[in-house]
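What follows is a short report on a single structure.
Order of the sequence lines sets the chain letters (A, B, ...), proteins ahead of strands, with each chain counted from 1. This one's a predicted model, so the numbers in the text were calculated from it and none came from an experiment.
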There are 2 protein chains.
Amino acid sequence: MRYSRQRELIFETLKNFETHPTAEQLYIQVKQEMPQISLGTVYRNLNILVEKGKIRKVDSLESSSVRYDARSDEHSHLVCTKCGTVKDLDLSYFYSVDKLLKEKFDFTVTEHNIVLKGLCSDCSLTEK
Amino acid sequence: MRYSRQRELIFETLKNFETHPTAEQLYIQVKQEMPQISLGTVYRNLNILVEKGKIRKVDSLESSSVRYDARSDEHSHLVCTKCGTVKDLDLSYFYSVDKLLKEKFDFTVTEHNIVLKGLCSDCSLTEK
DNA sequence: ATAGCTGCAAAATGTTTGCGCGAAA
DNA sequence: TTTCGCGCAAACATTTTGCAGCTAT
């Protein structure tokens with residue numbers, strides 16, 4: 001990867017954000033410093049930075065589309081990165097964390113969006 | 001809300017999915033039973049079902065766009081539903097859960113995508 | 001010199017919406 | 001009969017990509 005003024009500016013600008021901006025928001029900000037920059041360049045560089053592990057996308061299932069679930073009660077998901085299987089996981093596993101957050105930060109959790117990825121038991125067998 | 005054959009079929013079809021399909025995947029499946037149905041109807045009804053709490057969207061930050069984060073190490077987020085503040089949360093809080101999943105299901109967690117929503121300490125003061 | 005990166009614009013993808021017709025209450 | 005939901009197509013929003021020229025190495 002070669003140096004580019006645009007990429008550096010995008011990275012620095014993102015670092016200075018308090019929130020987690022969208023590509024568009026970042027573009028608007030970056031444009032103040034470098035008016036001729038294009039939105040395509042912002043997207044291209046964000047993708048490169050994610051690939052190189054310098055930044056991350058904030059979302060759970062890396063999917064361009066929204067996915068739906070007929071289970072209407074709150075629950076979380078276990079995704080196997082090898083076979084792709086998605087298993088439901090009861091929220092009760094996280095209640096101890098909720099309690100800790102209440103005690104420590106006085107933060108009252110009302111909603112969980114949790115996706116844990118890793119290797120399921122079947123796949124860890126065939127791994128070796 | 002009035003009854004509709006389309007909505008019922010969409011809901012039933014979603015329930016029969018093992019995975020968490022996209023609107024498009026659902027559309028393809030539903031079309032087998034009801035060839036004249038339109039993709040717009042599928043989207044419309046999924047939105048209605050989410051509103052009514054019959055189904056859920058599987059994702060963390062409800063945003064049409066991807067959001068980026070310059071912190072490249074893994075961490076999770078606490079979002080206050082009242083003031084909108086997003087705080088970073090260290091992953092160490094979840095290690096006990098990881099351990100439990102290993103013991104119970106032999107699932108090895110390698111990646112966490114966690115967003116907890118609720119009320120932050122500042123907002124719970126002004127709540128009363 | 002030569003990859004790689006840029007700006008631009010077009011295309012691709014995912015989702016929503018206005019309209020006029022048909023179906024549920 | 002009066003709404004509400006439908007199918008269709010167009011609009012919209014987000015993201016990717018082909019191209020021709022520029023830039024870091």
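- Counting distance only, with no hydrogens placed and no angle test, the side-chain atoms of B/R44 and the base atoms of D/dG7 include a donor-acceptor pair under 3.5 Å.
- Spacing between atom CD1 of B/I48 and atom C1' of C/dT15 amounts to 15 Å, rounded to whole angstrom units.
- Taking atom CD of A/Q25 as the reference point, atom P of D/dT14 lies 10 Å away to the nearest angstrom.
- Atom OH in B/Y3 sits about 9 Å away from atom P in C/dA25, given to the nearest Å.
- Proximity of A/N47 to the phosphate of D/dT16: a side-chain N or O atom is located under 4.0 Å from OP1 or OP2.
- Listed for the A/R7 side chain is no donor-acceptor partner under 3.5 Å among the backbone atoms of A/L46.
- Rounded to whole Å, atom P of C/dA24 lies 14 Å from atom CG of B/N45.
- Between the side chain of A/Q25 and the main chain of A/T22, a donor-acceptor pair closer than 3.5 Å is present.
- For C/dA23, its base never sits under 3.5 Å from the side chain of B/R5 at any donor and acceptor pair.
- Distances shorter than 4.0 Å separate some side-chain N or O of B/S4 from OP1 or OP2 on D/dC6.
- Dashed line: the shortest gap from a side-chain N or O of A/Q6 to OP1 or OP2 of D/dT23 is not under 4.0 Å.
- Within the 4.0 angstrom heavy-atom criterion, only backbone atoms of the sugar-phosphate kind lie near A/R7; the bases stay farther away.
- The distance between atom NZ of B/K52 and atom P of D/dC4, rounded to the nearest whole Å, is 11 Å.
- The OG1 atom of B/T13 sits 9.5 Å away from the CD atom of B/E8 when rounded to the nearest 0.5 Å.
- The pair A/D98-A/K102 fails the salt-bridge criterion, with no side-chain N (NZ, NE, NH1 or NH2) lying under 4.0 Å from an Asp/Glu carboxylate O.
- As judged by a 4.0 angstrom heavy-atom cut-off over every strand, A/E24 is placed among residues making no nucleic acid contact.
- Nearest to the side-chain atoms of B/M1 among the listed nucleotides C/dT17, C/dT15, D/dG5 stands D/dG5.
- The stretch residues 28-43 of chain B touches DNA chain D through B/Q36, B/I37, B/S38, B/T41, each having a heavy atom under 4.0 angstrom from the strand.
- Side-chain atoms of B/T41 never come within 3.5 Å of backbone atoms of B/I37 as a donor-acceptor pair (strictly under, hydrogens ignored).
- One atom, OH of A/Y27, and another, C1' of C/dT6, lie 13 Å apart when rounded to the nearest Å.
- Taking atom CZ on B/R2 and atom P on C/dA24, their separation rounds to 8 Å, with Å as the unit.
- For A/K57 and D/dT14, the NZ to C1' distance is 11 Å, given to the nearest whole Å.
- Note: B/H75 and A/H20 have tilted aromatic rings, judged against thresholds of 30 and 60 degrees for the angle between ring planes.
- A distance-only check finds a donor-acceptor pair linking the side chain of B/K31 to the backbone of B/P35 [under 3.5 Å].
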